[in-house]
Amino acid sequence: MQQLTIEEIQNFKGKYPKQLYLLFFTEMWERFTFYGNRALLMLFMVNYLQFSDEKSNLIYGTYQSLIYAVPVVGGFLADKFLGQRKSILWGGIMLVCGSFVMAIPVPASFFIGMGIMIVGNGYFKPNISTIVGSLYKHDDARRDAGFSFFYMGINLGGFLGALLCGWIGQKISWHLGFGLAGVFMIVGLITFYKTQHKLGPIGLPPSKENLAAPAVAGLKKEWLIYLLSILAVPIFILILNYYKIYSYIINPFGIIALVYVIYVASKLGKEAFLKIIAALLLIIFSGLFWAFYEQGGGSLNLFAERNVNMSVGSLQLSSAAVNNSIGSGFIVLLTPFFVWLWIWLNKKKMEPNAAMKFVLALLLLGLSFYIFVLGSRTASNGMVSLLYFALGYLVMTMGELCISPIGLSAITKLSPQKMVGLMMGVWFLASSYGQYLAGLIGSLMALPGEKEAGKVMPAAESLAIYAGVFTKIAWAAAACGIVLLLLYPWMKKMMQGIK
Ligand code: GLN
């Protein structure tokens, strides 16, 4: 079969390159696995492993943070040695293995499975996004729309995974839920394996010879990388078990990654260097965004359970199901509108650049938390109307659409080709920090006395605590948006016309 050239791929007609569909479905199934698994973690720890709320929260936070930190290494290895395609396949295989190990009904399987998932995600997550970026020429205005479409796949997978695995896991068997998540990753892997030839040269290893060269004891470099990544699993299992040491790991790791990026960029010449600095600033603000946004998996779960009226007519909805799937559902519904909006504004020469979209995202995020506060002011018997809750989430996901797909796209535009994987990893590292900070912010909302058995705080009292912290989050998010707005003229200059 004739291999497509990069020009043939990038000179596509219409709205999306056809290769985007294969990436859409591969990522959709991967996120199905990830979010299906994630929906069960907390409940499994509390109900099955009988961990305390506090311990479960801390382990959950460490896991989530590691999930987004390891892509720095996965992105780097892909740039330097493996290429994106091999990284995705290897990461996918590990994700399947991780899920199946978690399906084994013995307590030890839980941490081992999570350790494998962390490594697998590190290989998979940054590299599939990098390939999406490679489908476009640097100045193609359709790139953001492509990333928004891809992001819809992420959320379609997240929505279905959380719903199906969450339900099966909670109602039938935890282990069946974990296993089921892995089955869908196999579908993603087969999709990618069978169709990857359509990517032409995109995502191939930078040097096949280098990868095949013997490294240690006659072992090829490629196999050495796979072996070392298996050997990394016990390290993550250890960290999950001794989760209190995590802050001593993530902070130096973050600093080293930042210094390394600046060092590599400093050798590239002034223009490329300034673009990388602009990308790093965007990355820092995205970390702040996630720190507030990620309350969704933590404190907003508890708020939804304790203080949101979940009855619709005679129906009593599950707060966990509503809280965990509503955001993804809105993303899927809103994406076509945003895709249209950016293209329409672009035609009118009025499309804001990524930095301005980030400002918008932070302001919308602030507004969403303010809507929760407004809801609490009109609550009856301490219970907020579901309408306010849904409206808050709607605005929050509008913010997410102005930052998350836009950021992925901007990173691929601002980074020189040989650094895209690494920069994508650093983008996810900001999510990792966000997860970590989100846990700290969430702990501000821990209700006093909640640990005493049988003692339930009256709804009006817990509502006052949530409303207090949500007010602070609303202002803090808006303040971050304003700081970025002040930096905007400077950012625009550094981005040198890149949208
Ligand atoms: N929800 C998105 C995903 O799962 C983005 C997550 C993030 O970067 N924090 O891919």
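Just follow the structure's listing: the first ligand is 1, and inside any ligand the first atom is 1.
- Judged by the shortest distance from any of its heavy atoms, Trp427 lies outside the 4.0 Å radius around the atoms of ligand 1.
- Among all non-hydrogen protein atoms, the one lying nearest atom 9 (N) of ligand 1 is Ser431 OG, 3.0 Å.
- For atom 10 (O) of ligand 1, the closest heavy atom belonging to the protein is Lys125 NZ, 2.5 Å.
- When non-hydrogen atoms are compared, ligand 1 lies under 4.0 Å from neither the backbone nor the side chain of Gln435.
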> How far apart are the C-alpha atoms of Lys125 and Glu27, what are their side-chain angles, what is the distance that settles it, and do they pass the salt bridge (Lys or Arg N to Asp or Glu O under 4.0 Å) test?
Replying inline: CA-CA 8 Å; Lys125 185 74 171 139; Glu27 176 67 336; 3.0 Å; yes
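- Contact check for Met114 versus Asn37: no side-chain heavy atoms found under the 4.5 Å cut-off.
- Atoms of ligand 1 lying under 4.0 Å from any heavy atom of Tyr151, numbered from 1 in the order shown and given with element: 1 (N), 2 (C), 5 (C).
- Side-chain contact of Arg38 with Tyr63: a donor-acceptor pair under 3.5 Å is absent, judged by distance alone.
- For ligand 1, the atoms closer than 4.0 angstrom to any heavy atom of Tyr35 are 1 (N), 2 (C), 3 (C), 4 (O).
- Ring-centre distance between Phe147 and Tyr151: not below the 6.0 Å cut-off.
- A 4.5 Å side-chain heavy-atom check between Ile331 and Thr335 finds at least one atom pair inside the cut-off.
- Heavy atoms of Tyr68 found under 4.0 angstrom from ligand 1 belong exclusively to the side chain.
- In terms of N/O distances under 3.5 Å, ligand 1 is not approached by Ser404.
- For ligand 1, the polar-atom distance check finds no N/O of Glu27 at less than 3.5 Å from any of the ligand's N/O atoms.
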>> Show, in sequence, the C-alpha distance, side-chain angles and deciding distance for His175 and Phe110, and conclude whether the ring pair (Phe, Tyr, Trp, His ring centres under 6.0 Å) test is met.
In response: CA-CA 10 Å; His175 296 96; Phe110 185 65; 8.9 Å; no
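- Atoms of ligand 1 found under 4.0 Å from any heavy atom of Ile154, numbered from 1 in the order shown, are 3 (C), 4 (O), 10 (O).
- Among Arg142, Arg143, Lys137, the single residue meeting the side-chain hydrogen bond (donor to acceptor under 3.5 Å, both in side chains) criterion with Asp140 is Arg142.
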